[in-house]
Undergrad: 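This is the structure, below, for whatever I ask next.
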Amino acid sequence: MAGSYTPDSYHFDLHSTFEAAGAAGLRKMTITIDGKRTGACRGDETGAKVG
């Protein structure tokens with residue numbers, strides 16, 4: 001697991017390898033998440049609950 005964060009963006013990587021019984025055998029999983037600031041929350045976005 002590794003990643004980075006700044007007030008305006010973030011990056012996250014997760015790598016996992018595991019052995020399953022039977023025919024499934026060796027499995028690998030990789031997850032990457034990237035995000036960035038899109039602006040200030042006004043509170044009137046679609047579906048937002050205020051109060």
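All figures in this text were calculated on a predicted structure; none of them were measured in a lab.
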Undergrad: Nearest 0.5 angstrom please: D13 CG to D34 CG, how far?
TA: 7.5 Å

Undergrad: Is there a side-chain contact between T17 and L26 (heavy atoms, below 4.5 Å)?
TA: yes

Undergrad: Under the criterion side chain to side chain contact (heavy atoms under 4.5 Å, CB included), I'd like the reasoning laid out for M1 against F12: C-alpha separation, chi angles, the key distance, then a yes or no.
TA: CA-CA 8 Å; M1 184 173 13; F12 175 77; 3.3 Å; yes

Undergrad: Starting at OH of Y5, measure out to NE2 of H11 and round the result to the nearest 0.5 Å.
TA: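 If I round to the nearest 0.5 Å, the distance is 16.0 Å.
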
Undergrad: Rounded to the nearest 0.5 Å, what's the gap from CD1 on I31 to NE2 on H15? Could you check?
TA: 10.0 Å

